[in-house]
*Asks:* 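Have a look at this one.
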Amino acid sequence: MVVLSQPALDDFSVIKTCKPTSGPFNEIPVIDLKNPKAKARIVEACEEFGFFKVVNHGVSMELMEKLESEAVKFFKLPQSQKDRAGPPNPFGYGNKRIGPNGDVGWVEYLLFSTNLEFISQKSLSIFQKNPEVFRCAVNEYVSAVREMVCEVSEMIADELKIEPRNVLSRLLRDEKSDSFFRLNHYPAISFSELQAVRVSGRNVVGFGEHTDPQIISAVRSNNTTGLQISLRDGAWVSVPPDHHSFFINVGDSLQVTSNPILLKFPVSSLVMTNGRFRSLRHRVLADSLKSRVSMIYFGGPPLGEKITPLPSLMDEGEESLYKEFTWCEYKKSAYKTRLGDNRLRLFEKNGGN
C-alpha cells in the first residue's frame with residue numbers, strides 16, 4: 001500500500017467538520033460474482049442498502065495497483081505542477097473545491113471522461129516524462145471496471161426478469177455513454193491538526209454527503225478508512241476498507257421504484273426502478289494520519305437518453321413517481337445544486353414545482 005505522508009492542501013480552517021459516528025459496520029452485503037445466488041443477493045442489496053461489496057470480480061490486482069501508483073505519482077508533485085492540470089472545467093485537477101456551488105472538502109482529485117477523446121490534455125501534460133503510461137493505466141482500468149459493472153447490471157436484469165438483459169449495460173457500453181472516472185486523494189492530516197479537530201469532538205469532512213446522479217458507480221480505494229454510508233434510519237456507519245474489492249453504489253438514475261414504503265425515508269430513489277432500488281447517500285471523512293486514494297467509475301447513459309421507469313417493473317395501472325426527463329436535463333439540474341441536496345425532488349410528480 002502506498003501512503004502519502006504530508007497534506008497537499010492548505011487553508012485547513014475552511015474544511016467542514018461533522019460529529020463523530022459509530023465504528024465499522026460489518027453488515028454490508030458481500031457478493032461473490034461467481035456464486036450461483038449472486039443475482040438474487042445483488043437485488044436484495046440494491047433494495048435494502050443501495051450498496052454492496054463485490055469479490056471475485058475479475059479485475060486484476062495488477063491493474064488496480066498500476067493505476068494507484070500513477071495516481072500517487074501525480075499527487076506527490078509540487079502544488080504548482082498539479083495546478084497546471086486545473087481548474088476542472090469540468091475535467092482536470094481540482095483542489096478542495098467540489099463543483100461550482102461552494103462545496104469544499106479535504107480532497108484533491110483528477111476527473112476524466114471515460115471517452116479518451118475528451119481526456120483533458122491539461123491532465124496529461126503534467127506527466128511530462130511519459131504521459132502514455134498514465135493514459136494506458138486509466139484506459140485499461142476503466143475498461144475492466146466497466147465490464148465488471150456491466151456484468152452486475154445484467155445480473156440485476158436477469159433477477160428482475162427484464163428483457164433484454166442488456167437494457168442497462170448497453171447504456172454504459174454505448175460509445176456516447178456519459179460516464180466519468182475520478183481519482184481522489186485525501187491527504188494525511190498532521191498530528192497537531194488532527195489533535196485540534198479531535199479536541200473539538202468533530203471529524204474532518206473529505207467529501208460531503210451526497211448521492212451519485214448516474215446509474216451505478218464502482219469504488220476501489222487503498223486500505224485507509226474514511227468511506228461512510230447512511231442507513232435507512234439516517235445513521236452514518238463506517239465501511240471497512242478492502243483494497244482487493246469493489247464497492248458498488250446505486251445512483252439516482254437507477255432508483256425510481258414501485259415500492260411506496262421507500263418514500264418514508266429521506267433518500268432519493270433510482271428512477272429506472274421507479275424507487276424499488278435506493279440510491280446511496282454517502283460521504284468520506286478524512287481525519288487520518290494516513291492518506292486515502294480512491295478510484296471511482298461513474299456509469300452514466302448517453303446525454304439524450306430518457307430516464308423513465310422500466311415498463312417491466314411497473315404493475316398494471318401503476319404510475320411513475322417521476323416526470324419524464326433526459327439524462328442531460330437531470331445532469332444540468334444536478335450540477336446546479338449543493339452536494340447534500342435531494343436532486344430528484346424537482347423531478348418527482350408530487351414534488352418540485
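What you see is a predicted model, and the numbers here were worked out from it, not measured in a lab. All values below were derived from every heavy atom in this structure, side-chain atoms included, with hydrogens, water molecules and symmetry-related copies excluded.
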*Asks:* Looking at Tyr109, is Arg182 sitting on its ring face, NZ or CZ under 6.0 Å from the six-membered ring centre and within 45 degrees of the normal?
*Replies:* yes
*Asks:* State whether the side chain of Ser69 and the backbone N or O of Glu65 hold a donor-acceptor pair below 3.5 Å, judged by distance alone.
*Replies:*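 Side chain of Ser69 to backbone of Glu65: no pair is present.
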*Asks:* So, Lys96 side chain and Trp106 main chain: donor-acceptor pair closer than 3.5 Å or not?
*Replies:*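 Side chain of Lys96 to backbone of Trp106, a donor-acceptor pair under 3.5 Å: no, none is there.
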*Asks:* Is there a donor-acceptor contact under 3.5 Å from the side chain of His282 to the main chain of Leu280?
*Replies:* yes
*Asks:* Is it true that Arg97 and Asp103 make a salt bridge, defined as a side-chain N closer than 4.0 Å to a carboxylate O?
*Replies:*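 Salt bridge: no.
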*Asks:* If the threshold is 4.0 Å, N to carboxylate O, is there a salt bridge linking Lys66 and Glu140?
*Replies:*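 Yes, Lys66 and Glu140 are salt-bridged.
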*Asks:* Just by distance, do the side chain of Ser245 and the backbone of Lys53 share a donor-acceptor pair under 3.5 Å?
*Replies:*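 Looks like no, no N/O pair under 3.5 Å.
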*Asks:* Hey, is the main chain of Gly304 close enough, under 3.5 Å, to the side chain of Thr326 for a donor-acceptor pair?
*Replies:*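 No: the side chain of Thr326 does not pair with the backbone of Gly304.
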*Asks:* Taking only residues two or more places apart in sequence, or in another chain, which ones meet Asn166 in a side chain to side chain contact (heavy atoms under 4.5 Å, CB included)?
*Replies:*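 With sequence neighbours excluded, Asn166 shows a side chain to side chain contact (heavy atoms under 4.5 Å, CB included) to Glu154, Pro164, Ser169, Arg170, given in chain and number order.
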*Asks:* Check whether the ring centres of Phe52 and Phe247 lie less than 6.0 Å apart, and answer yes or no.
*Replies:*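 Here the rings of Phe247 and Phe52 have centres that are no less than 6.0 Å from each other.
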*Asks:* Tell me whether the rings of Phe181 and Phe112 are parallel (<30°), tilted (30 to 60°) or perpendicular (>60°).
*Replies:* parallel
*Asks:* Salt bridge check, Glu348 against Arg345: does any charged N sit closer than 4.0 Å to a carboxylate O?
*Replies:*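 Salt bridge absent between Arg345 and Glu348.
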*Asks:* Does Val55 sit in a hydrophobic cluster with other residues, and if so which ones, taking ILVMFWY side chains as linked at heavy-atom separations under 4.5 Å, directly or through other members?
*Replies:* Val30
*Asks:* Taking the ring centre of each residue, are Phe180 and Phe91 less than 6.0 Å apart?
*Replies:*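 Yes, the ring of Phe180 comes within the 6.0 Å limit of the ring of Phe91, centre to centre.
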*Asks:* State whether a side-chain donor-acceptor pair under 3.5 Å links Asn222 with His243.
*Replies:* no
*Asks:* Could you tell me if the ring centre of Tyr330 sits under 6.0 Å from that of Phe325?
*Replies:* yes
*Asks:* Looking at Arg41 and Glu44, is there a salt bridge between them, counting it only when a charged N and a carboxylate O are closer than 4.0 Å?
*Replies:*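 Result for this pair is no, no salt bridge flagged.
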*Asks:* Under 30°, 30 to 60°, or over 60°: which ring-plane class applies to Phe74 and Tyr93, parallel, tilted or perpendicular?
*Replies:*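 The rings of Phe74 and Tyr93 stand perpendicular, inter-plane angle above 60°.
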